[in-house]
Amino acid sequence: MAKTALQFQHNGRDVAIFVDGGTNLLVALRELIGDMTPKFGCGQGGCGTCSVLIDGELHLSCLTLAETVAGRSVETLDGIKEGPNLHPLQRAFADNFAAQCGYCTPGMLMAAKALLNRNPQPSRAEVVEAISGNICRCTGYEPIINAVLAAASGGRARA
Amino acid sequence: MLELRKDLFADERDDNLKEIGKGTQRQDMLGHVTGTSPYFDDHKLQGMLHLKVVRSAQSHARLRRIDTSEAERSQGVRRVIRASDVPRNLNTLLSLINFGKDDEPSLAVDKVRYKGEPIVAIVADSPREAYEAIAKVKIDYEVLPAVFDVEDALKSGAPVVNEVYPKNTFTYHETYDRQQLRFGDADRALATADHVLEQRYQMSPIEHAPTETNGSIAAPDTNGRYIVYTSTQALFFSVDTCAKILDVPSNTFHFIGGTVGGGFGGKVDTLTEPLCILGAMLTGRPVRYVFGREEEMQYGPPRGAERIYIKDGVMRDGRVVARKVRAYFDSGAYTRLSSYAAVKCAAHLPGPYTIPNVHGDVYCVFTNRTPATAMRGFGVTAMDFAIECQMDKLAHLVGMDPMEFRILNAYRDGDMKAHRREAKNTALIECVQVAAEKAKWPLREDFKRMSSRKDGGGARAAVTPTPRETHAPPPAPTQQRTTYDRAPAATREPPPPPPSSPPPSSPPVRPAAPSHGATRFSSVFGTRRR
Amino acid sequence: MPVTVKTFTSTHDAAAALSSDRSARYLGGGTLVMRALNEGDISISTIVRASDHAMTRIDASGSRITLGAGVTFARILAERELGFLHGPARSIGGPAVRNMGTVGGNLFAPVPYGDFTVAMLALDAVVSVQGGLGGREIPIDEFLQSRDRQTGVLVLAISFAKPGSAEAFRYRKIARIKPKGGAVITLAAHLPVNGSRIVGARVALGSMAPTPIRARAAERALEGRALDTSTIKAAAAAAVEGTSPSDNALASAWYRREIVGVHVRRLLSGQE
Amino acid sequence: MTRHRGRGIASVNYPIGMNLGGDPSQALVHSNPSGKFTVALSSIDLGQGMKSVTRQICAETLGVPVEDVYVDTADSDTGPHCMGSFASRGTHRVGNAVMAAAREARGVMMEAAAEELEVNAADLDTDGRGNIHVKGAPHRSISTKDVAIAAQFKQGKTISGRGIFLVPLSDVDPETGEMSPATCYAHACLVAEVEVDDETGEVDMVRMDSAYELGRALNPRLVEQQLVGGAWMGVSHALYETPEPYYPEPVHGPRDFVEYLMPGPGDICPHDIAVLERPAPDGPFGAKGPGEMCANPVLPAVANAIFNAVGVRIDDLPITPEKVLRAIKAQGGARPQPRR
C-alpha cells in the first residue's frame, strides 16, 4: 500500500512518518509516533478526547487528515509540561480534583490551554464555552470549570 | 459545595484517625493530568490486527445462509471467524455463579434476536480492510415477527425471543416466572385504606456512555499464554468467561486492566474479550477489538428499561399501609444481568419506609432489543423514581408536606423490613431533616425532633401475617379510588392481571451442576444469612 | 482498497477529479468526510483537496459578502465585519469544530447538523459551484433541494448581500444541550425594513424538513407590514405551514411543529 | 409569564454490595525492604477512586503515611480475586479485604519491631508518620524502614498480609422474597428546584440541596467527586438520556454525542451537599459506598419539582420537553402549585 511521507513538529520536535491514505492524525500520533495522550472517544468529532493544538489552535485529531499537518506544529498533552514541572493547568486540575476516570482529561486540558493562550483571564461563561466540545461523564463539569478558572487566576497560565 | 455534618451520629464514630477522613489527593491524579494513566488501548503491539464484527441488520430473523467466501478473499483479511469457530458458543455471564442458563452465543448461530447482534467477526490488517470485508459478507435473513414491549412479550402467542426461555421471562428458582416479595396482606390493607392510588411508571433504557468505549487487545504471550489488555469492570468475571467460551484453563490468560475510562456498569459484560482472544489464537497475532461510538451507543448493553405499576393504600393521617408493585425489567434478547436486578429490586421494596403490607412481583422479560446490563443504581434507580413520585402524590393526596410525609413513614432502627430483616443503622429521617435545613424548607418542630434511632421496633418489628396465595380475584373496592389529578390517558389503562401460573407448593430443587467444566466463582446456592 | 488523497492547486482540477470519480469526496474541515471514514464508510476511496487560496478567502468589504467554501466558523468569529453571523457561527459545535468546520461543508451537513446554512438561506445566498463542465451560481434554496445530487460538484464560495442593519438579521438555534447541542430547530430571519415596513422578508428554518427550508407563509405574513405584535403573532401562527419535520433522536415531528411558532414569535419579538 | 419555578424532593436508601453467588474480594499487602507497601488487587478503578480509597484504608490500618502505600490494580497474575467494581461494593468489600490484609501485615511488622526494640508487640504503637514506638515512650522508637530491613535480612519475616472479605450468599425465598440482600444501606434526600417553560416544555435546573449519609466519608474529596458527578448524572437521567427515544419502538437511536443527550457544562446548577456519617458496623471504618446511590434521588426530585412548578406529573423517563408540553396542553395550561 502506498504511503505518504509526512513531516511536522510534534511538541517542538521534528518528526517524520509514513502514513496510509486517509489516516487521521489521532492514529498517526498514537500508533506511528507513540504519543498516547490524545484518546479515541468517538471518531465522530463529538467528545473532544482527541483534542490537540495545531499551530496553536484547538483541533480534533480524529477528524484531521494526518497529511494536512505537514510542516505545521502539533501540540498534545505530552508537550505541555514546563520542563519537569506540571503546567499550571495540570496543577489546577489536580488541586480541584477535576479528573475521575481521567479519560477526558487530556482533551479537556488542551481545550483549556487553547482558551488561556488567547484569553488568560476568562469568565466562567468563557470557560464553559471553551470546554463545550469535550464530554466528561464523571465529574459533572463543575470541578473542571473551577480548575480552569483557578489556573487563570493563578496568573501563571501562559502559552 | 460539600459540608460534613460531624455533629450527627458523632457518638457512633471515632473521628480520631490519621489518614481516614482526609481529602488526600488521588493516587492516579498525576497520571490523569499528564495523560500517562494506562488504559487498555494505550498498549502498542507489533503487527496488530483489527477485529470488527458483522452485526445483524434485523431485530429477529432466522439465518438462512451466511456467505463469507468473498470476505475471506478480501484484501488484508487474516481470518473470518464464524460461530462454529467459537469453542463453546453459548454462555450467560452469571453462569459463573450458577445463576441462569446459558442463553447467548458469541456469534449468532441459527437466529438473530436483536438488531446489531454479532454474526461474523473479521480480523484484518487495518480497520479499513475489515470494513471492506464486512461489506462482502452476505447474509440471507428470514425475518421473524419481533416483540419490543415487555407486556406484549408476556401475552400468549407473542414471538419467542430466546428459546432458552420460551415464555419470554427469566426463570427464578427453577420454576417461577418472577421474583416475588410477600409481606403482610396488601390486598386486605388496600381494601380498608382511606385512599388507593395506582400509577404506572416507565423508564426508557439508558446508555452508560463512558468516554472510553468497550474494547480489548489480545496477544500471544510467551509459553503459550495470552496477554489481554481490557476495559473490563470485573477482571475475573472476564478471565473466567473467556476460559469458559474458549474452553481453555483460566491461567492461559494474563489479564491486565484496572485503569478504565469510565464504566458505570457498561463494562461488566465481557463484550469484546472472547472474540478478541479467539482472533489472536486463530491468527497468532495481536488483535484489537474496540467498539466505535455508534456501536457503544446502540449495541453495547444499556441499563434496561423498566415498567413499574404501583398501587398504594394510604390513610388520612399519612400512614402508608399497603404497597403493591408489579415491575417489568426489559432484558433485551439475552439475560446478562437483568435477572439479578429483579431480585435486587424485589428486596428494595417498598423503599426506605416501614409499610406493614407489601406485595411485589418483579419480572425479567426478553424482547428483541440489545441486551441490557447493570448500570449505576442497578435495579433500584427506576424503582426509586416510581416510589418517590408516588410518595409525592400520596403526600399531595392527604394534604401533607412531602418532607414530613417521608419522615412519618421512614423506616427506623428496629423496624421489620419487607424482606424480613430488621432495619439497622438507618438514617433516612436525618437526611430529610438536613436536606430541609439546607434548602430552607420549613418543618414542624415535632418532625425536626424525630430520629431514626427513636420509636422504631416494637409493633413495627413484627412480620405482618402473610396469607398464602389464593389467586382469587381481588375483593371489589369499597373505598375512594383516586387516579391522581387527571383522567387516565390512553396509555395509563389499568394493567391486565399478570400472566402468571400459580407457584408450585413444592420447594424449588437445587440446580444440577452446569454441563460446562469452567471455573465457577461459587457453587453455593444459598445459605441462610441474617 | 486504500484511500487515495489527491491534492490540487487549482479548483478546476479538483472539481474535475470530483466529478469523474463516484467514490471521491471533497475534504473541507473533515467533520463529515473524516468521520465517515472513521466509521467505516467504504463508499469513499478518494479524498480530494484543493489548496487554492480562493477557497479560504473572505470578502466582506462591500455590500455583497463572499465567503470561500473553506472558510471556517472560527474565521467568521474573528471577522468584525461579519458580526451579524457570529451567532450562527458560534452555534456550530465546540471551539475545535469551529476551527475545522467550513461554510461549504455545512451546506452538506444533514439534520441535526447544518445550522449555518439556515442563516445562509435567510440571507438568500448564492452558492458558486465548479462542476466537471464549468462554474455555476445556484440560489441556495435550489442548491439545497438538489443537495443529494451535488456531491460530485465542488462548492467554491457562498455569497449574499450584507443586511442593511444588525437588527434586520436574527438567528436562534434551539438546542437541548448548552452551550453546544444539536438543533431541535434552527431559525433565521432577515427582515429588511423600508421606512417602517418589512420588504423582502426571509424566514428560514432548520430541522423542519430534510434540508433547511424557507417559511414562506410566515414571510408573507411579515411582508409589507411593520414588525408589531399582531404581525409577529400572524407570522408565528404561519410558521409551521409548509414544513415537514421528522422524528429524530433530539425531538419528534410533533414537538417541532408545536414549538416552531413559539420560537418564531420569540425570535421576532426579541424575547429570550 | 411562561416560566414557572418549583421545588421537589425525594429520599432514598441504597443497598451496598450484591447478593449473588456470595460476594467476596481479596487483597494482598506486602512491604519491600524499605518499609514501603504495595497493595495488590484485581479490582478496577474506573474513576471512582478505588486505588485511592484502598490506599488510605491500608495506610490507616498499617499505621503508616499514605505516601508509603501504593495500590496496584487489576493484573490477573498478581492481583487476587475480586468480583469486580459494581454494585457499590468497592469501598465496602474491597476496603474490608484490604483492611484484613493490612491488619495481618501490621501484625508481622509490630512483631518485627518488638524484636528490634526488645519489648512486647502489644506495647507498641505506630505514629502514622513512619515510626513505631513504645506506648507512652515516644523516644523508644524505630522507623518502619528499619523494621522492614530487619525483618527481611535479619529476622526472616515477611511483612505481608492476606485479606478476604466475603458476604456469603443469602438464599432468596421464592414465595416471600425473604433474604439478606445487603449488610448495610446508604441514605439520601435531595431537593431540586427547576424552572419550566410552559410554552415549550423545557425544564432548566435552578439548584439542588442534598444530604447524603454514607457511613463514613473516607476521603471527603472523593466523596464530593461522586456526589457532584452522580447528581449530574441523575439530572441527565431525569431530563435527557436514552438510547431509545421512542421506546418501546426501536427507532431513531442516537449514534453520537450530539444525538445522545447529556447536560453540558452550560446546563449545570449549584448543588449544596451535606454529608452525614452513621458508620456501618461492618464497613471499613464504617464506610458504605456513595458511588451509585448519589444519582437516584435526583430523578424523582426533578419530576416532583416539575409538578410543583406547572402541575403536571410526568411518570415516563426521560422527562423531555415534549412530554411536559403534552401534559401541560392536556391539562389546559400550566397549573403552578403552592410555592414551597
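Heavy atoms of Ala188(D) lying under 4.5 Å from chain B belong exclusively to its backbone. Contacts of Val66(D) with chain B are made by both backbone and side-chain atoms, with heavy-atom separations under 4.5 Å. Neither the backbone nor the side chain of Thr466(B) comes within less than 4.5 Å of any heavy atom of chain D. Looking at Val64(D), only its backbone comes within 4.5 Å of chain B, counting heavy atoms on both sides. Using a 4.5 Å cut-off between heavy atoms, Val298(D) makes no contact with chain B at all. Only the backbone of Asp256(D) comes within contact range of chain B, with at least one heavy atom under 4.5 Å from a heavy atom of that chain. Residue contact with chain D, scored on non-hydrogen atoms closer than 4.5 Å, involves the backbone and the side chain of Thr426(B) alike. Contact annotation for Met208(D): neither backbone nor side-chain heavy atoms come within less than 4.5 Å of a heavy atom of chain B. Residue contact with chain D, scored on non-hydrogen atoms closer than 4.5 Å, involves the backbone of Lys440(B) exclusively. Of the atoms belonging to Tyr212(D), it is backbone heavy atoms, and not side-chain ones, that fall under 4.5 Å from chain B. Heavy atoms closer than 4.5 Å to chain B are found in the backbone of Asp127(D), but not in its side chain. For Gln390(B), no part sits under 4.5 Å from any heavy atom of chain D, backbone or side chain. In this structure, chain B has no heavy atom under 4.5 Å from any part of Met50(D). For Arg406(B), the part sitting under 4.5 Å from any heavy atom of chain D is the side chain, from C-beta outward, and nothing else. Within the 4.5 angstrom heavy-atom criterion, no atom of Ser25(D) approaches chain B. Only the backbone of Ser210(D) has a heavy atom closer than 4.5 Å to any heavy atom of chain B. Proximity to chain D is limited to the side chain of Arg369(B), based on heavy atoms less than 4.5 angstrom apart. Within the 4.5 angstrom heavy-atom criterion, atoms from both the backbone and the side chain of Arg278(D) approach chain B. Contacts of Gln48(D) with chain B are made by backbone atoms alone, with heavy-atom separations under 4.5 Å and no side-chain atom involved. Residue contact with chain D, scored on non-hydrogen atoms closer than 4.5 Å, is absent for Val358(B). With a 4.5 Å cut-off on non-hydrogen atoms, Asp15(B) touches chain D through its backbone and its side chain both. Residue contact with chain B, scored on non-hydrogen atoms closer than 4.5 Å, involves the backbone and the side chain of Ile9(D) alike. Residue contact with chain D, scored on non-hydrogen atoms closer than 4.5 Å, involves the side chain of Leu94(B) exclusively.
Atoms CD and CD, on Glu67(D) and Gln27(B) in that order, are 11.5 Å from each other to the nearest 0.5 Å. The structure places CH2 of Trp441(B) at 6.0 Å from CG of Asp401(B), a figure rounded to the nearest 0.5 Å. For the atom pair CG (Asp23(D)) and OG (Ser170(D)), the distance works out to 12.0 Å, reported to the nearest 0.5 Å.
Put simply, of Pro279(D), Gly47(D), Gly253(D), the one with the most heavy-atom pairs under 4.5 Å next to chain B is Pro279(D). Contact count against chain B (heavy-atom pairs under 4.5 Å) is highest for Ala280(D) among Ala330(D), Ala287(D), Ala280(D), Pro297(D). Your options are Gly291(D), Cys184(D), Ala295(D), and the one with the most heavy-atom pairs under 4.5 Å with chain B is Gly291(D). The greatest number of non-hydrogen atom pairs below 4.5 Å with chain B, out of Val69(D), Val302(D), Leu276(D), Leu227(D), is found for Leu276(D). Of the listed residues (Gln225(D), Glu259(D), Met262(D), Arg216(D)), the one with the most heavy-atom contacts under 4.5 Å to chain B is Arg216(D). The candidate from Gly8(D), Gly177(D), Pro318(D), Ala59(D) with the greatest count of non-hydrogen atom pairs under 4.5 Å with chain B is Gly177(D).
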Legend entry - Test log, rule ring-ring contact (aromatic ring centres under 6.0 Å, His included), inputs His187(D) and Tyr411(B): CA-CA 11 Å; His187(D) 302 88; Tyr411(B) 73 160; 5.6 Å; yes
Inset, instruction - Take Phe385(B) and His237(D) through the ring-ring contact (aromatic ring centres under 6.0 Å, His included) test and state the conclusion after the steps. - result: CA-CA 11 Å; Phe385(B) 172 73; His237(D) 288 2; over 10 Å; no
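Partner of Glu178(D) under the side-chain hydrogen bond (donor to acceptor under 3.5 Å, both in side chains) criterion, out of Arg421(B), Arg182(B), Arg420(B), His419(B): Arg421(B) alone.
Salt bridge status for Lys438(B) with Glu3(B): present, with a side-chain N to carboxylate O gap under 4.0 Å.
Between the side chains of Asp75(D) and His254(B), a donor-acceptor pair is found at a separation under 3.5 Å. Using a 3.5 Å distance cut-off with no hydrogens or angles, the side chains of Thr381(B) and Arg376(B) do not pair a donor with an acceptor.
Across every non-hydrogen atom of Phe148(B) and Tyr247(D), the tightest pair is O-OH, 4.3 Å.
In terms of modelled atom types and a separation under 3.5 Å, the side chain of Gln337(D) and the main chain of Arg335(D) share a donor-acceptor contact. When atom types are taken as modelled, the side chain of Arg221(D) and the backbone of Thr24(B) share no donor-acceptor pair closer than 3.5 angstrom.
Few gaps surround CZ on Arg207(D); more than 12 heavy atoms of other groups in view lie less than 6.0 Å from it. Around the OH atom of Tyr246(D), the shell of radius 6.0 Å holds more than 12 heavy atoms that belong to other residues, nucleotides or ligands. Around the CZ atom of Arg326(D), the shell of radius 6.0 Å holds more than 12 heavy atoms that belong to other residues, nucleotides or ligands.
Between Thr320(D) and Tyr240(D) the shortest side-chain heavy-atom distance does not fall below 4.5 Å.
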